[in-house]
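If you're wondering where the values come from, they're calculated on a predicted model, not measured in any experiment. One is the number of the first residue; the rest follow in order along the sequence.
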Amino acid sequence: MTTKFRLEKVEIYTTEGPVRYQFPSDLTVLAGPTGVGKTTLLELIKWGLGGDGQLAPVVTENVLDLSLQISVGGNTFLLSRSLDQSKRNNVRVTDLVTGERLPDHQIKSSEANSLNALLMTSLGLPSNMRAAAQTGRSTNAGARITFSDIFTYMYIPQSEINRDIARSQDSYLEPKRKAVFELLFGLADPELFDKRSRANTLKGSVEEASDHHKKILQFLRDSNTQSKDEAERALERALNSQREAEGQRAQLRDDIDPVTDRETQAFRDLLSEAERSLANARNAEVSLCRQIEELSGERRRVSADLARLDRMRDAGERLAQIEFTTCPRCMQELKNREVPHGHCRLCLLPDEAASTDELDQYETVQLTDQLDEMKKQLALAEQQAQNARQLILDRQDLVRHLEAVIDARTAERVSPRLQAYSDISEKIAASRVAQKNFENVLQQWDRVADLANAEDELRRKYERLVREIDQKEAELRERRKYIVSEISKEFNRVVSNLQIPGVQEAGIHETNYLPLLNGKPLKQFSKGGGTVTATQVAYWTALIAVALRERDVPYPAFLLLDSPRLALNEEEALTTGLYRRLVTLAEANAGRVQIIVADHALPAAYHKDYAEIAFGYSKPTISSVKHPGKGGVKPLMATPN
């Protein structure tokens, strides 16, 4: 069944108040002269659905917010979008069936909370489909199919109505336009789109893997790298050489082990004992030298004390013979001074009766005895140090002698074997280096093999996917042939009824789904003007008519036409035919289709066959803002999201 899409209401909130329009009829015509804002209203509808509408200055300068009430699938939503630069990327969504305010949906996001995902899901379409190019050269997964792409089949803007069909002249949009056509008419499904995208991506991976494989092979050839078979044989030879050398080394080790006999072992024991004795003698010498140094220091201290006593005794004897007549401090005369008997003339203290000679003699004797004792100890320590030095010399001679004896006993038996052992060890090391080199070469060939296997695996996956795509397309071929045939018949019938000048036969191309006039593409038949406009109306209404008859396609039976009469000039018959076609389509599918047309002049015969909203300079579409007059209208401008 054809998916229902209907615009119920448009509310424009301006700085001067709200403006509301309702669209209850299957066919509504927005009538009025050029410049009253009909295109502005249609572009606002596109902008409210998340598109990049061309907003007139009256909108950017005066409109604050826009709300659209739409029915899509089984849902009815109120979409509100602000014109404020900081808020325009968020759309406020209300589910009018449940009355629930849903989370804000993003315009630019590709996630589940985007407006695109909401609209695509409501239409019964996945939001993550990609339109991969179906040419054999493309390796691109394709651009994502969004609601904006679906909307190109629902809205024919004024800038395109007399020039192009669904921007088919933009070659980069060709894969997406064809994919949307196939999707809306059931000629392809999301699974097929996914397979096409994966096939293109896999094709790119196959080409990349093949290129990498070839470059590695070329590098190995340019660097004169051995072949894999040669490297394997060389590696086996290196392994055999290593095993042979290791066997010889083990035999030499067994031959060397019993060389040490008992006598040599005895000499080695003596050498160990001599080395220990030499170490002990050196320790003893160090200890005795330290002791001699300490005794010498003590001896010097005692000698200094003894000399001090001698100087004190000599000074006392010399001073005792002096009779002071003058004080040595203040130089006063002492001769006339009264001095008690037995007292010192100088200090008046009593003379000492006892002599200190004996005490001084005792201390001198003690110090002299100490010096004699230390002299003996010092002589003994020096003798012991001399003996230690002699012992060191003897032990050094003994160590050298024992080392020479041991070397003489082992040189003739061990040295030749050690040289052979060293040669074999070098041979083993060389074998291991060679093995490492050949293993690196084999690793390079293993890498080449891995690349070849990866390339083959990717190629098998790609070929398997291509077969699945071919099988799926073969299953759909009959349906495609049938749908294209039905659209061609309907299109030809409409073109014939419209009596488009110069057209004898019309049809639809089998692969690009675009109109053919007299067997020629539209762009070759006509460069623009009324013929293109009439063909546009015939083409889009033919698509809707076939989609409504088939009932099992997701085509939204909704059409916005902007100024179809603009390029027809005074061709009243053709204009009448266009409107007759629109009225007939709406009447034949009451409640199942919605067509909104904006035009500047209407055929008088059909005023009662459709709902009409009339506009004028005194009543423009943004009626809350005063119209500046016919000469004061500013052109539309493209406004990015």
Side-chain angles (χ1 to χ4, degrees), residues 1-14 17-32 36-49 53 65-81 93-99 119 122-123 150-151 153-156 537 540-541 544-545 547-548 551 555-564 578-600 602-616 619-624:
M1 182 177 180
T2 302
T3 301
K4 179 183 178 182
F5 186 97
R6 199 171 190 92
L7 177 65
E8 307 283 358
K9 184 190 301 184
V10 176
E11 294 183 285
I12 306 169
Y13 298 92
T14 72
V19 179
R20 297 180 178 86
Y21 297 103
Q22 294 185 336
F23 301 91
S25 178
D26 293 336
L27 174 60
T28 303
V29 177
L30 309 178
V36 297
K38 303 183 299 297
T39 298
T40 295
L41 180 59
L42 299 186
E43 288 294 325
L44 272 174
I45 293 171
K46 177 183 178 181
W47 193 79
L49 293 171
D65 208 80
L66 172 70
S67 292
L68 302 180
Q69 181 178 325
I70 61 171
S71 295
V72 51
N75 303 301
T76 301
F77 297 116
L78 179 65
L79 309 179
S80 300
R81 186 179 180 187
V93 181
T94 303
D95 188 334
L96 297 180
V97 176
T98 63
L119 296 175
S122 299
L123 286 172
I150 306 296
F151 200 63
Y153 278 71
M154 302 164 64
Y155 174 40
I156 317 303
V537 175
W540 295 113
T541 57
I544 293 177
L548 290 169
R551 293 177 176 270
Y555 196 104
F558 179 87
L559 187 61
L560 285 177
L561 282 173
D562 190 2
S563 304
L578 292 182
Y579 275 88
R580 185 191 306 117
R581 171 61 179 168
L582 296 175
V583 171
T584 302
L585 182 63
E587 289 179 347
N589 300 278
R592 299 175 58 215
V593 67
Q594 184 180 28
I595 302 173
I596 300 175
V597 183
D599 219 336
H600 67 284
L602 308 176
Y606 293 91
H607 278 190
K608 297 181 180 180
D609 296 322
Y610 44 76
E612 179 181 339
I613 303 177
F615 300 108
K619 185 187 176 183
T621 55
I622 313 282
S623 58
S624 60

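Between I70 and L119 there is a side-chain heavy-atom pair separated by less than 4.5 Å. A heavy-atom distance below 4.5 Å is found between the side chains of Y155 and L42. Between Y21 and I613, the closest side-chain pair of non-hydrogen atoms falls below 4.5 Å. At a threshold of 4.5 Å between non-hydrogen side-chain atoms, the residues R20 and V10 do not count as touching. Contact check for L78 versus V93: no side-chain heavy atoms found under the 4.5 Å cut-off. Between I156 and D562 there is no side-chain heavy-atom pair separated by less than 4.5 Å. Counting only heavy atoms from C-beta outward, the side chains of T621 and V19 never approach each other to under 4.5 Å. Here the side chains of L123 and I150 are in contact, with some heavy-atom distance below 4.5 Å.
Remark: K9 pairs with E11, Q22, Q69 by the side-chain contact (heavy atoms from CB on, under 4.5 Å) rule, at least two apart or across chains. Taking T14 as the reference, S624 meet the side chain to side chain donor-acceptor pair (under 3.5 Å) condition, with sequence neighbours excluded. With sequence neighbours excluded, the residues that form a side-chain contact (heavy atoms from CB on, under 4.5 Å) with D65 are Y13, S67, S80, S82, R92. Take S71 and apply the side-chain contact (heavy atoms from CB on, under 4.5 Å) test, not counting sequence neighbours, and it matches K4, R6, E8, T76. By the side chain to side chain donor-acceptor pair (under 3.5 Å) test, R581 is found to be paired with E490, T541, residues two or more places apart in sequence or in another chain being considered. Here S25 pairs with T28, A611 under the side-chain contact (heavy atoms from CB on, under 4.5 Å) rule; sequence neighbours left out.
Nearest heavy-atom pair, G53 versus E43, reported as atom, atom and distance to 0.1 Å: CA-OE1, 3.3 Å. What you find for D26 and A590 is that their closest heavy atoms are OD2-CA, 3.2 Å. Nearest heavy-atom pair, P556 versus M154, reported as atom, atom and distance to 0.1 Å: CG-SD, 3.7 Å. Between A557 and I544, the closest heavy-atom pair is CB-CG2, 4.3 Å. Closest approach of N75 and S122 over heavy atoms only: ND2-OG, 3.5 Å.
Rounding to the nearest 0.5 Å gives a distance of 8.5 Å between CG of L79 and OG1 of T94. In this structure, the separation between CD on Q594 and CG on L7 is 5.5 Å, given to the nearest 0.5 Å. Rounded to the nearest 0.5 angstrom, L585 CG and W540 CH2 are separated by 14.0 Å. For the atom pair CG (L582) and CZ (R580), the distance works out to 11.0 Å, reported to the nearest 0.5 Å. Between the CG atom in N589 and the CG atom in L548 there is a gap of 4.5 Å [rounded to 0.5 Å]. Expressed to the nearest 0.5 Å, how far CG of L44 lies from OG1 of T39 amounts to 11.0 Å.
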| task | Carefully, step by step, assess F77 and V97 under the rule side chain to side chain contact (heavy atoms under 4.5 Å, CB included). | result | CA-CA 8 Å; F77 297 116; V97 176; over 6 Å; no
| said: Between I12 and L41, is the side chain to side chain contact (heavy atoms under 4.5 Å, CB included) condition met? List the steps. | reply: CA-CA 9 Å; I12 306 169; L41 180 59; 4.0 Å; yes
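Judged by distance alone, the side chains of E587 and Y610 never bring a donor and an acceptor atom under 3.5 Å apart. Between the side chains of D599 and S563, no donor N or O sits under 3.5 Å from an acceptor N or O.
Taking the six-membered ring for Trp and the full ring otherwise, Y153 and F558 have centroids separated by 6.0 Å or more.
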